[in-house]
Student: 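Quick one: the structure is below, and I'll ask about it shortly.
The structure displayed is predicted, hence computed values, not measured ones.
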Amino acid sequence: MSAQLVTHRGGCHCGAVRFEVDAPADIEALECNCSMCTMSAFVHLIVPAARFRLLTDRGAPQTYTFNTGTAKHVFCRHCGVKSFYVPRSNPDGFSVNVRCLARDSIRSVTTRQFDDRRREESEAQIRSLSL
């Protein structure tokens, strides 16, 4: 049986990028040890694309890619905050930074590690999150 979903609202620091995501109130998040996630303190909530809605003009965010170009790192063109992106591990979904969600819809957050040094094994363990 799957957990009941609630609508979480979030966005960047200045509010130019806003979104909604449907996920459980008890969030199971991932902490990745890759250079990008470590440097940006990103805590991942990965969801299928159908459960993510961008509420602002698509012109507010900018996109950055590197390495394989699969991941689409999206950040606010005004304040620079990356509140969500399309992850390389789950390119058919979105990863939302739990730190960018409003706290009123979150009951709890638990985290587990995503080991980028063992990427293939780690990706296999989370492949179903965006389905």
Student: Linking I/L/V/M/F/W/Y whenever their side-chain heavy atoms sit closer than 4.5 Å, directly or via other members, would F114 and L45 fall into one cluster?
Tutor: no
Student: Look up atom OG1 in T110 and atom CD in E28, then write down how far apart they are to the nearest 0.5 Å.
Tutor: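 One finds 5.0 Å between OG1 of T110 and CD of E28.
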Student: Check whether any side-chain heavy atom of E31 lies under 4.5 Å from a side-chain heavy atom of C37, and answer yes or no.
Tutor: no
Student: Taking C-beta and beyond as the side chain, do K72 and T65 meet within less than 4.5 Å on heavy atoms?
Tutor: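 When only atoms from C-beta onward are counted, T65 and K72 do touch, with a gap below 4.5 Å.
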Student: Nearest 0.5 Å please: distance from the OG atom of S40 over to the CZ atom of R99.
Tutor: 9.0 Å
Student: Is any side-chain heavy atom of H13 closer than 4.5 Å to a side-chain heavy atom of C100?
Tutor: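 With C-beta onward as the side chain, the pair stays apart.
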Student: Please indicate whether R118 has more than 12 foreign heavy atoms, meaning atoms of other residues, nucleotides or ligands, lying under 6.0 Å from its CZ.
Tutor: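 No, not enclosed.
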Student: Would you say the side chain of K82 lies within less than 4.5 Å of the side chain of F42, judging by non-hydrogen atoms?
Tutor: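 They are in side-chain contact.
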Student: Do you know which two heavy atoms are closest between A23 and V47, and how far apart they sit?
Tutor: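 Where A23 meets V47 most closely, the heavy atoms are CB-CG1, 4.5 Å.
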Student: Nearest heavy-atom pair of L129 and P48: which atoms, and what distance?
Tutor: O-CD, 3.5 Å
Student: Quick one: does R112's side chain get under 4.5 Å of L30's, heavy atoms only?
Tutor: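 When only atoms from C-beta onward are counted, L30 and R112 do touch, with a gap below 4.5 Å.
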Student: Under 4.0 Å between a side-chain nitrogen and a carboxylate oxygen: does that hold for D104 and R9?
Tutor: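 The answer is no: the pair does not qualify as a salt bridge.
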Student: Restricting to non-hydrogen atoms, name the atom on T56 and the atom on A16 that form the minimum distance, rounded to 0.1 Å.
Tutor: CG2-O, 3.1 Å
Student: Out of curiosity, S95 OG to R88 CZ, how far, rounded to the nearest 0.5 Å?
Tutor: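 These two atoms lie 14.0 Å from each other.
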Student: Do the ring centers of H73 and F66 come within less than 6.0 Å of each other?
Tutor: yes
Student: Would you check if H8 and I27 make a side-chain contact, meaning some heavy-atom pair closer than 4.5 Å?
Tutor: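 H8 reaches I27 side chain to side chain.
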Student: Would you indicate whether E120, at its atom CD, is surrounded by more than 12 heavy atoms from other residues, nucleotides or ligands within a distance under 6.0 Å?
Tutor: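 Count not over threshold, so no.
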Student: Quick one: CZ on F75 to SG on C12, what's the gap to the nearest 0.5 Å?
Tutor: 11.5 Å
Student: Between the main-chain N or O of L5 and the side-chain N or O of D22, is there a donor-acceptor pair closer than 3.5 Å?
Tutor: no
Student: Test of understanding: clusters of I, L, V, M, F, W, Y form through side-chain heavy atoms closer than 4.5 Å, transitively. Do V81 and M36 belong to the same one?
Tutor: no
Student: Minimum heavy-atom separation for S89 to P91, with atom names?
Tutor: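 In terms of heavy atoms, the two residues are closest at C-CD, 3.6 Å.
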Student: If you count heavy atoms of other groups shown closer than 6.0 angstrom to CZ of R103, is the number above 12?
Tutor: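 Atom CZ in R103 is packed in, count exceeds 12.
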Student: So do I106 and L101 actually touch side chain to side chain, heavy atoms under 4.5 Å?
Tutor: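 They are in contact (side-chain heavy atoms under 4.5 Å apart), so the answer is yes.
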Student: Supply the atom-to-atom distance H78 NE2 to Q62 CD, rounded to the nearest 0.5 angstrom.
Tutor: 9.0 Å
Student: If you take the centroid of each ring, where Trp contributes its six-membered ring, are Y64 and Y85 closer together than 6.0 Å?
Tutor: no
Student: Is there a side-chain contact between L54 and F84, using heavy atoms and a 4.5 Å cut-off?
Tutor: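 L54 vs F84: side chains touch.
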Student: Set out, in order, the CA-CA distance, both residues' side-chain angles and the distance that settles side chain to side chain contact (heavy atoms under 4.5 Å, CB included) for V96 and I46, then state yes or no.
Tutor: CA-CA 6 Å; V96 170; I46 298 174; over 6 Å; no
Student: List the atom of V98, the atom of A29, and the distance in Å for their closest heavy-atom pair.
Tutor: CG2-CB, 4.0 Å
Student: Regarding S83 and N97, is there a side-chain donor-to-acceptor distance under 3.5 Å anywhere?
Tutor: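 Side-chain D/A pair, S83 to N97: absent.
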